[in-house]
Amino acid sequence: MTNTLAERLISRRKKLGLTQDQLAKPAKMTRVTVSNIELGNSTNIRAESLFAIAKVLKCNPEWLLSGKGPEELDSSPQLSGDNFTPGPEVEQKCPIINWVQAGSWTQIDEPFDNVEYLPAPVKCSPGTFILRIKGDSMEPRFEEGDLIYVDPAKVDPEHSKYVVAMLEDSHEATFKQLQLIDGKKYLKALNPDYPPEMKFIKINGNCRIVGTVVSHVKPI
C-alpha cells in the first residue's frame with residue numbers, strides 16, 4: 001500500500017521500468033534529488049518539480065502528492081511506433097499573482113504578460129489563480145513559500161474551508177480558515193501561538209471572500 005509520496009514515486013517508477021537516472025534526466029533534476037525523495041529525506045516538493053516528475057511518470061500529480069484521485073491520467077492505447085503513450089493535454093494553467101492583485105481579482109479571459117503559469121492539479125474555474133504563502137499565520141499546515149490554488153467561482157464556502165478574503169481598509173488579500181460559529185463568521189489563523197485577538201477576526205459586511213482554496217502544493 002502506497003501511503004507516502006516516496007512510496008508512490010517508487011511504485012510508479014518501477015511500474016514503468018525506469019531507473020532513478022531515467023526519471024531524473026527528463027524531469028531536469030539530479031538522481032540524488034530523486035533518491036532523496038524516495039528515501040523520504042525530502043518530504044516537500046516544489047510545484048515545478050511535482051509536475052515534471054508526474055509528466056515523466058505519466059501519472060496524476062495530485063495522486064503522486066497526496067494519494068488522492070486516480071493514479072492514471074490517460075488510459076488511451078499506445079500509438080503504434082511510439083516509445084511511450086502521450087500524457088494528457090493540460091486543460092488549464094493558472095497564473096501566480098501577488099496578494100495585492102488577489103484583492104481586486106476578477107475572472108479574465110486574456111492571459112497576463114510576464115507572469116508564470118502552472119498546470120492546475122484539480123478541476124477548477126477558468127479564473128483560478130495561484131498565491132505563494134507568506135508569513136506564519138497558517139502554520140504548521142501552510143508554510144511560507146507553499147502554493148495555494150484559489151478558485152474565485154467559490155465565494156460561498158462552507159465552515160472550515162480555507163479562503164482568501166479582502167478586508168476593508170486593507171490593500172491586499174489575506175489567507176485564513178473560515179469559521180461559522182453560532183451564526184457568526186470568523187477568519188481563523190491556524191498558528192497556535194497567535195493571541196486570540198489575532199487568531200480570530202470577526203467578519204460581516206467588512207469582508208469580501210475572493211475565493212476558496214482548491215489545492216495546496218508544497219515546495220521542496
**Item:** Test side-chain contact (heavy atoms from CB on, under 4.5 Å) applied to R132 and I148, D146, I96, the passing residue
**Value:** I96

State, yes or no, whether a side-chain contact exists between [X] and [Y] at a heavy-atom distance under 4.5 Å.
X	Y	result
I53	I37	yes
L18	L57	yes
P119	P61	no
F142	L190	yes
Y162	M138	yes

Mark yes or no for whether [X], through its side chain, and [Y], through its backbone, hold a donor-acceptor pair below 3.5 Å.
X	Y	answer
H159	Q179	no
R8	L64	yes
D182	K184	no
S66	E62	yes
N60	P70	yes

Not counting sequence neighbours, which residues clear side chain to side chain donor-acceptor pair (under 3.5 Å) with [X]? List them please.
X	result
E172	K134
K185	none
T174	K176
K55	none

**Message:** Tell me every residue that passes side chain to side chain contact (heavy atoms under 4.5 Å, CB included) with K25, counting only those two or more places apart in sequence or in another chain.
**Reply:** none

**In one Ile/Leu/Val/Met/Phe/Trp/Tyr side-chain cluster, 4.5 Å: Y149, L178** =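 Different clusters: Y149 never reaches L178 through Ile, Leu, Val, Met, Phe, Trp or Tyr contacts under 4.5 Å.
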
**Message:** Tell me the closest heavy-atom pair linking F175 and S137, and the distance in Å.
**Reply:** O-OG, 4.2 Å

**Prompt:** Taking all atoms of both residues into account, what is the closest heavy-atom pair of P157 and K161, and its distance?
**Reply:** CB-CB, 3.9 Å

**Request:** Using a strict 4.0 Å threshold on nitrogen-to-oxygen distance, state whether E38 and R13 make a salt bridge.
**Result:** yes

**Message:** Assess whether a salt bridge exists between R12 and E72, defined as any Lys/Arg side-chain N lying under 4.0 Å from an Asp/Glu carboxylate O.
**Reply:** yes

Distance-only donor-acceptor hits, side chain of residues 194-214, under 3.5 Å, sequence neighbours excluded:
unit_1	atom_1	unit_2	atom_2	d
Y194	OH	D136	OD1	2.8
N206	OD1	N204	N	2.7
R208	NH2	G103	O	2.3
T212	OG1	K154	O	2.7

**Distance in Å, L23 CG paired with S35 OG, rounded so as to fall on 0.5 Å steps** =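 One gets 11.5 Å once the value is rounded to the nearest 0.5 Å.
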
**Message:** Counting only heavy atoms from other residues, nucleotides and ligands, does the tally under 6.0 Å from CG of D156 exceed 12?
**Reply:**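 Result for CG/D156: open.
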
**Request:** Could you please spell out the steps behind the side-chain hydrogen bond (donor to acceptor under 3.5 Å, both in side chains) verdict for Q22 and Q20?
**Result:** CA-CA 5 Å; Q22 289 172 327; Q20 290 183 341; over 6 Å; no

**Trace of the salt bridge (charged side-chain N to carboxylate O under 4.0 Å, His left out) decision for K58 with E71** = CA-CA 9 Å; K58 306 181 188 70; E71 176 180 343; over 6 Å; no

